[in-house]
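Heads up, the thing below is written out as C-alpha cells.
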Amino acid sequence: MNDHASSARKGLRRGARYDSIFYGAFSGAGNTFDIRVRFDLKKPLQLDKFQAAANKALQCYPEFSVRPVIKDGRVFYEENLKQVKLAPDDGKTLCFGTDGEDGTNGYLFVFLYGERHVTFSLFHGITDARGMIAYVISVLWNYVCSVAPLVRIAGTKMFTKHGIRISPAPYFEMDETERNDPLTAFAGPGEPINLIDNDKLFRMPPEQYAQEDLSCRLLNLEISNKAFEKKTKELGTSFGPLLTAITAQAIARAYDIGDKTISVVLTADPRRQFGTFSFGNMAYNVPLPVTAADLEQPLEALCSRLRSDMKKQLTKENAAANYSFILGQCDEIDAMGDIVAVNKALTAPGGIETLTTNGTIFLTYPGRVASNPISRTLLDGVSPGMLAVERAVVVYAHRDSLIVQVTQKSDDMTLVNALKDVLADMGFAPAFHDMGRVAQNVLELDRLKKDGAQEK
C-alpha cells in the first residue's frame, strides 16, 4: 500500500452528473469506453521506479484516487489508498474499479507494461483525454527525475502553466462542484449551436464483428508532423479543419454518400475559456458538416469554412449551453431508475446504437506531445488508443510523428485504406502500421463494490 496522504473527503461522495451517461451507456462488456495512450521507451522500463512515480503523482490528483461504489442505484466514490495497478500488457481483459487478479486495485485506470513500453488505460467516466494526459505527464515527470536526475534542472513551469500538477494545491483551490462536477459548475442558458440536419446525415454501414469479442483493432497511419503543419500554413488553416477535410474525403471515397451530409465530430476542451484546471469530464462535441458539393471545392476554401464552423462552436457560451443539454440527457437517464438496470437496457440490442445522434464519425485530436525533457529523455514514440463502441479516428503528434489512428471493432480495412489514399494524394507518404487487436478493459457495474458490502 502506498503512503500518499489522505486527500479526498472521508466516506462517499456522489459522482459527477456526467457519470450517468458514461456508466449508463458506455460500460459493460463490449461497450466500455476505454481511452488509452501508449508510450514507447528508449530504454527498458524500471518497474519499481515507475510504480513509485505513479503513486507519487496520484497524490496530486485526489479526484482520481478513488474507487467507484454503487449506492442507492447511483455511482459514488470512496477514497482509495492502494498502489496504482501496473499489469503486464499480455492481452488479458481487466475490470476497472475492482480488486483481484483481473482488477485494477479499485481504480478506474491501469498501466499496462512491456519491456520497453507502457500503456495508460482509463475508463472515460473518470475524466476525458485532457485529464488523462495531465496525470500521465505528472507520472512521467516523476519517473524521468528518478532515472535521469539532472532533468530536474529544466524545472516544471513548462507544464505546470498548463495545469499539470506537481502538488495537490490546484485541486484544493477549486470548490467542490468545480473540481468534481464541472458541468454543473459551468452550465449556462441557451441552445447549443447545431449545424447538422439529422434527416440528411450520412451514417457508415454498421460494423460486422463477433459481439462476444471484447477487443478492438487499431490501425495507424504515420506521416510527418512538420509536413502536415506546413500544409496547414499553406492553406491558412489549423490541424482540426484539415484533419476533418481529410476524414470527410476518405469517407466519401470509401462509401457512396449521395446527397447526404458527412458529420465529422471533433471534441472540444473548453477549460481555457472557463479559466479552470478541473479534470472532471468537460469535453463536448463539435460536429462539422461536409457534403459532396463541399468536397468539390478547393481544399483551402473547404478548410476555411470548416474553421469558421469550428470557431462558432468553440465559445464559452456554446460550451455552457452544451453542458445544460448534456445535463438534461443525464436527467433522462436518472429518471429511468437504478444505474445497473439502466445500463443493461441501454447496452442491450435496441438500446443506444451510436455515440452521437448527429455524427458520422468521431475525430479526436488531443494535441501535440512537444519536444521537452520528458520526451527527449524517455520516449521513442507516442501512439493513441481509444477503445469505444464504434469506429473513430484519433490523432496524436509527437516530435515529427503524426499518427492518424482508426480504432474499430471489425477487421474491415475500408476506412483506413481510404484515409491512406487521401493522405498519399496530398503528398504525405503515410506509413501503415497494423497494431493488431487490443483487449478492451471493462467496467462491469455488477462487479463494483456496493455500499456496505464488498465487491463480487
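For this chain, numbers begin at 1 and follow the sequence in order. Note that the structure is a prediction, hence the values are computed from the model and not measured.
When only modelled atom types and interatomic distance are considered, Ser401 and Glu222 share a side-chain donor-acceptor pair under 3.5 Å. With 3.5 Å as the limit, one finds no donor-acceptor pair spanning the side chains of Gln51 and Asp48. Using modelled atom types and a 3.5 Å distance limit, the side chains of Gln211 and Lys409 yield no donor-acceptor pair. Side-chain contact of Arg437 with Ser215: a donor-acceptor pair under 3.5 Å is present, judged by distance alone. In summary, the side chains of Ser263 and Asn358 do not present any donor paired with an acceptor at a separation below 3.5 Å, with no hydrogens or angles considered. Between the side chains of Asn318 and Gln313, not a single donor N or O lies within less than 3.5 Å of an accepting N or O. Using modelled atom types and a 3.5 Å distance limit, the side chains of Asp400 and Ser224 yield a donor-acceptor pair. Side-chain contact annotation: Asn220 with Gln405, donor-acceptor N/O pair under 3.5 Å present. For Asp19 and Tyr77, the side-chain atoms include at least one donor-acceptor pair closer than 3.5 Å. For the residue pair Ser375/Arg399, the side-chain donor-acceptor check at 3.5 Å is satisfied. Glu178 and Thr276 share a side-chain donor-acceptor pair at under 3.5 Å. Side-chain polar atoms of His124 and Asp34 form no donor-acceptor pair below 3.5 angstrom.
Between Cys303 and Leu235, the closest heavy-atom pair is SG-CD1, 4.3 Å. The minimum heavy-atom distance between Ala268 and Leu314, with the atom names listed, is CB-CD2, 3.4 Å. Closest non-hydrogen pair, Leu306 versus Pro241, comes out as CD1-O, 3.6 Å. Taking both residues in full, the closest heavy atoms of Ala16 and Asn180 are given as CB-O, 3.3 Å, listed atom of the first, atom of the second, then distance. The nearest pair of heavy atoms linking Ala252 to Ile262 is N-CD1, 4.0 Å.
Atom OG1 of Thr414 is separated from atom CE of Met204 by 10.0 Å, given to the nearest 0.5 angstrom. The CG atom of Asp99 lies 9.5 Å from the CZ atom of Arg447; values are rounded to the nearest 0.5 Å. Here the straight-line distance linking atom CD1 of Ile361 with atom CZ of Arg203 works out to 12.5 Å at 0.5 Å rounding. Rounding to the nearest 0.5 angstrom, the gap separating the CZ atom in Phe111 from the OG1 atom in Thr104 is 12.5 Å. Note: Arg116 CZ to Leu41 CG = 8.0 Å, rounded to the nearest 0.5 Å. How far OH of Tyr143 is from OG1 of Thr377: 11.5 Å, rounded to the nearest 0.5 Å.
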- Tyr365 vs Tyr396, ring-ring contact (aromatic ring centres under 6.0 Å, His included): CA-CA, chis, key distance, verdict: CA-CA 6 Å; Tyr365 174 58; Tyr396 267 51; 8.3 Å; no
- Determine, step by step, whether Asp425 and Arg253 satisfy the salt bridge (Lys or Arg N to Asp or Glu O under 4.0 Å) criterion, reporting the C-alpha distance in whole Å, the side-chain angles of both residues, the deciding distance to 0.1 Å, and the verdict. CA-CA 12 Å; Asp425 288 350; Arg253 184 175 297 203; 2.9 Å; yes
- Task: Test ring-ring contact (aromatic ring centres under 6.0 Å, His included) on Phe186 and Phe274 and set out the steps.
- Result: CA-CA 8 Å; Phe186 298 115; Phe274 287 114; 4.6 Å; yes
- Where do Ser65 and Asn80 land on the side-chain hydrogen bond (donor to acceptor under 3.5 Å, both in side chains) test, with the steps shown first? CA-CA 5 Å; Ser65 187; Asn80 190 352; over 6 Å; no
- Item | Step-by-step salt bridge (Lys or Arg N to Asp or Glu O under 4.0 Å) determination, Arg165 to Glu63 | CA-CA 12 Å; Arg165 301 178 194 160; Glu63 62 267 62; 2.9 Å; yes
- Item | Criterion side-chain contact (heavy atoms from CB on, under 4.5 Å) on Ile374 and Trp141, from CA distance to verdict | CA-CA 6 Å; Ile374 297 173; Trp141 173 252; 4.0 Å; yes
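With a 4.5 Å cut-off on side-chain heavy atoms, Ser410 and Gln208 do not count as touching. The side-chain heavy atoms of Cys60 and Tyr135, taken from C-beta on, include no pair separated by under 4.5 Å. Contact check for His162 versus Arg130: side-chain heavy atoms found under the 4.5 Å cut-off. You'll find the side chain of Arg38 stays beyond 4.5 Å of the side chain of Leu112, heavy atoms only. Residues Asn441 and Thr32 form no side-chain contact, since every pair of their non-hydrogen atoms from C-beta on lies 4.5 Å or further apart. Inter-residue side-chain proximity for Asp128 and Phe279 is flagged as unmet; no heavy-atom pair is nearer than 4.5 Å. At least one side-chain heavy atom of Cys95 sits under 4.5 Å from a side-chain heavy atom of Thr98. Between Val265 and Leu363 the shortest side-chain heavy-atom distance does not fall below 4.5 Å.
Residue Lys420 places its NZ atom among 12 or fewer non-hydrogen atoms of other residues, nucleotides or ligands, all under 6.0 Å distant. Residue Glu101 places its CD atom among 12 or fewer non-hydrogen atoms of other residues, nucleotides or ligands, all under 6.0 Å distant. Counting heavy-atom neighbours within 6.0 Å of Lys344 NZ, excluding the residue itself, gives a total of 12 or less. Other residues, nucleotides and ligands contribute more than 12 heavy atoms inside 6.0 Å of the NZ atom of Lys42. Crowding of Asp256 atom CG: a count of heavy atoms from other residues, nucleotides or ligands under 6.0 Å not exceeding 12.
Taking the six-membered ring where tryptophan is involved, the planes of Phe202 and Tyr255 are tilted, since the angle between them lies from 30° to 60°. Using bins of under 30°, 30° to 60° and over 60° for the plane-to-plane angle, the ring pair Phe26/Phe33 lands in the perpendicular bin. Below 30°, between 30° and 60°, or above 60°: for Tyr61 and Phe64 the angle between ring planes is below 30°, a parallel geometry.
Among Thr291, Thr261, Asp259, the single residue meeting the side chain to side chain contact (heavy atoms under 4.5 Å, CB included) criterion with Lys200 is Thr261. Tested against Arg217, the residues Thr407, Asp412, Asp411 include a single side chain to side chain donor-acceptor pair (under 3.5 Å) partner, Asp411.
Ring pair Phe96/Phe109: centre-to-centre distance not below 6.0 Å. Here the two rings, on Phe277 and Tyr171, have centers that are 6.0 Å apart or farther. Side-chain rings of Phe239 and Phe228 approach one another, their centers coming within less than 6.0 Å.
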